[in-house]
Structure formats: structure tokens, C-alpha cells
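Quick note: numbers below take in every heavy atom, side chains included, and nothing from hydrogens, waters or symmetry partners.
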Amino acid sequence: MALSDHGQYSGVVDIARNGIDEVIRLQTQAKQDTELIRQLVEALENSHATLWEEDDDPERPAHAAIAAARARLGQPCA
């Protein structure tokens, strides 16, 4: 390998390093998002919002939000 070739490889290394840093950032963000969703589900389940929703009401926003969040977390609906 000629000395002039070293610059080409350092560019590839920089690209790979930046890619790894981005993956780590995205994984961290996903973990934070998951934790936030868990907290929101817990807060909704513990709130009185679901008490006011009737079973025959086609729009049950609190129940729908809980079901959507549980689906995102891969948890069965209670």
C-alpha cells in the first residue's frame, strides 16, 4: 500500500465511525421512546379518563391510546 492510499482508507473509517455513532444514537432514542410510552400507559391506566368512557361508545380515546401504546410495546391488551 502506498502512503497516498492511506487517505482513502481513513475516509472509509470516518464514514463507518459516523454510521456506528448514528446507530448508537438511534438505539438510545428508541429506548427513551419506549420508556416514555410505558410511563404514558401507566399514567392513562391509573387516571380516571377511562372511567368516563362507556363500552358502547365507538370513540374511546383513552382506551384506544392504551391499546395503541401496548401494541407499540408488544404487550397484550389487558
Side-chain angles (χ1 to χ4, degrees):
M1 170 171 69
L3 190 56
S4 62
D5 292 340
H6 181 69
Q8 293 173 338
Y9 292 113
S10 76
V12 171
V13 170
D14 288 342
I15 291 170
R17 194 173 291 141
N18 290 340
I20 291 168
D21 290 345
E22 181 66 10
V23 168
I24 291 169
R25 185 189 70 74
L26 291 172
Q27 287 175 334
T28 301
Q29 182 178 347
K31 287 177 185 176
Q32 291 170 344
D33 291 350
T34 299
E35 182 57 30
L36 178 58
I37 292 169
R38 279 194 188 107
Q39 291 172 8
L40 290 170
V41 168
E42 185 178 324
L44 274 173
E45 289 176 335
N46 292 330
S47 75
H48 296 289
T50 57
L51 295 176
W52 299 103
E53 295 181 358
E54 297 186 21
D55 291 338
D56 61 346
D57 184 357
E59 292 188 26
R60 298 171 58 189
H63 283 90
I66 291 169
R70 287 194 171 283
R72 165 62 174 78
L73 294 172
Q75 299 176 349
C77 292

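The number of heavy atoms from other shown groups lying within 6.0 Å of CD (Q39) is above 12.
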If you look only at distance, which donor and acceptor atoms sit under 3.5 Å apart when one is on a side chain in residues 15-28 and the other is two or more places apart or in another chain?
unit_1 : atom_1 : unit_2 : atom_2 : d
N18    : ND2    : D14    : O      : 3.3
E22    : OE1    : R25    : NE     : 3.2
E22    : OE2    : R25    : NH2    : 2.6
R25    : NH1    : Q29    : OE1    : 3.2
T28    : OG1    : I24    : O      : 3.0

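In terms of the side chain to side chain contact (heavy atoms under 4.5 Å, CB included) criterion, residue partners of I37 (sequence neighbours excluded) are, by chain and number, V41, A69, R72, L73.
Distance CG/L40 to CG/L36: 4.5 Å, rounded to 0.5 Å. Atom CD of Q75 is separated from atom CZ of R38 by 6.5 Å, given to the nearest 0.5 angstrom.
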